[in-house]
A.B. asks: 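Once you've had a glance at the structure underneath, I'll fire off some questions.
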Amino acid sequence: MNIVMMILLIAIALSAVLAIVSFWLPQMNPDSEKLSPFECGFDPLGSARLPFSLRFFLVAILFLLFDLEIALLLPLPWGDQLDNPLLTFTWASLVLLLLTLGLVYEWIQGGLEWAE
């Protein structure tokens with residue numbers, strides 16, 4: 001047998017064993033706490049129309065924005081292997097500068113203040 005077939009056979013066997021074991025190992029003892037939906041601290045049995053602060057959305061959007069920044073900057077270490085690495089670092093610096101200016105603007109506008 002060649003090495004590729006052996007690796008595929010081992011991967012399939014290991015996957016099958018893990019799938020079978022995962023059905024036998026967990027203990028299925030549901031109680032009322034485990035069966036109730038988790039609603040981020042809100043009462044799941046109460047009204048769904050309760051008002052809540054829009055600052056939750058602001059924090060989530062800011063988190064996603066800066067999380068996206070990290071995703072955009074991840075390939076940056078490989079940028080020095082390009083023909084013109086200075087252009088790559090210039091664009092990365094421009095992205096960081098733009099995000100920093102946006103953060104400063106939010107800070108000045110009071111968007112980062114949680115309590116009034």
Side-chain angles (χ1 to χ4, degrees):
M1 247 198 231
N2 62 11
I3 191 74
V4 175
M5 288 301 294
M6 186 60 96
I7 290 174
L8 283 175
L9 184 66
I10 290 172
I12 290 171
L14 185 62
S15 299
V17 167
L18 289 175
I20 291 170
V21 168
S22 71
F23 284 111
W24 286 332
L25 278 183
Q27 297 176 1
M28 300 294 182
N29 297 329
D31 58 359
S32 63
E33 291 295 324
K34 288 183 182 179
L35 293 176
S36 68
F38 179 70
E39 296 291 336
C40 300
F42 297 113
D43 182 21
L45 302 176
S47 173
R49 301 291 180 209
L50 291 175
F52 59 95
S53 175
L54 291 177
R55 301 230 184 238
F56 288 116
F57 289 116
L58 177 65
V59 170
I61 288 172
L62 286 175
F63 174 76
L64 288 175
L65 179 70
F66 287 101
D67 196 35
L68 179 66
E69 168 208 352
I70 298 300
L72 289 174
L73 295 178
L74 275 177
L76 189 59
W78 290 280
D80 62 350
Q81 299 173 5
L82 296 174
D83 294 333
N84 191 0
L86 186 61
L87 181 64
T88 303
F89 293 124
T90 303
W91 280 107
S93 300
L94 184 66
V95 167
L96 283 175
L97 179 68
L98 183 66
L99 286 172
T100 304
L101 289 175
L103 181 65
V104 168
Y105 176 76
E106 284 291 326
W107 196 342
I108 290 173
Q109 293 295 318
L112 300 177
E113 298 293 327
W114 188 256
E116 305 262 340

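Sequence positions, counted from 1, serve as the residue numbers for this chain. Because the structure is a prediction, the values reported are computed rather than measured.
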A.B. asks: Among Val4, Leu8, Asn2, Ile10, exactly one meets side-chain contact (heavy atoms from CB on, under 4.5 Å) together with Met6. Which residue is that?
C.D. replies: Ile10
A.B. asks: Let me check something: do Leu99 and Trp107 share a hydrophobic cluster, defined by ILVMFWY side-chain heavy atoms less than 4.5 Å apart, either directly or through other members?
C.D. replies: yes
A.B. asks: Do you reckon Ile12 sits in the same ILVMFWY cluster as Val17, going by side-chain contacts under 4.5 Å, direct or chained?
C.D. replies: no
A.B. asks: Could you tell me the separation between the CG atom of Leu98 and the CG atom of Leu103, rounded to the nearest 0.5 Å?
C.D. replies: 11.5 Å
A.B. asks: Hey, could you give me the CG/CD1 distance between Leu25 and Ile20, rounded to the nearest 0.5 Å?
C.D. replies: 12.0 Å
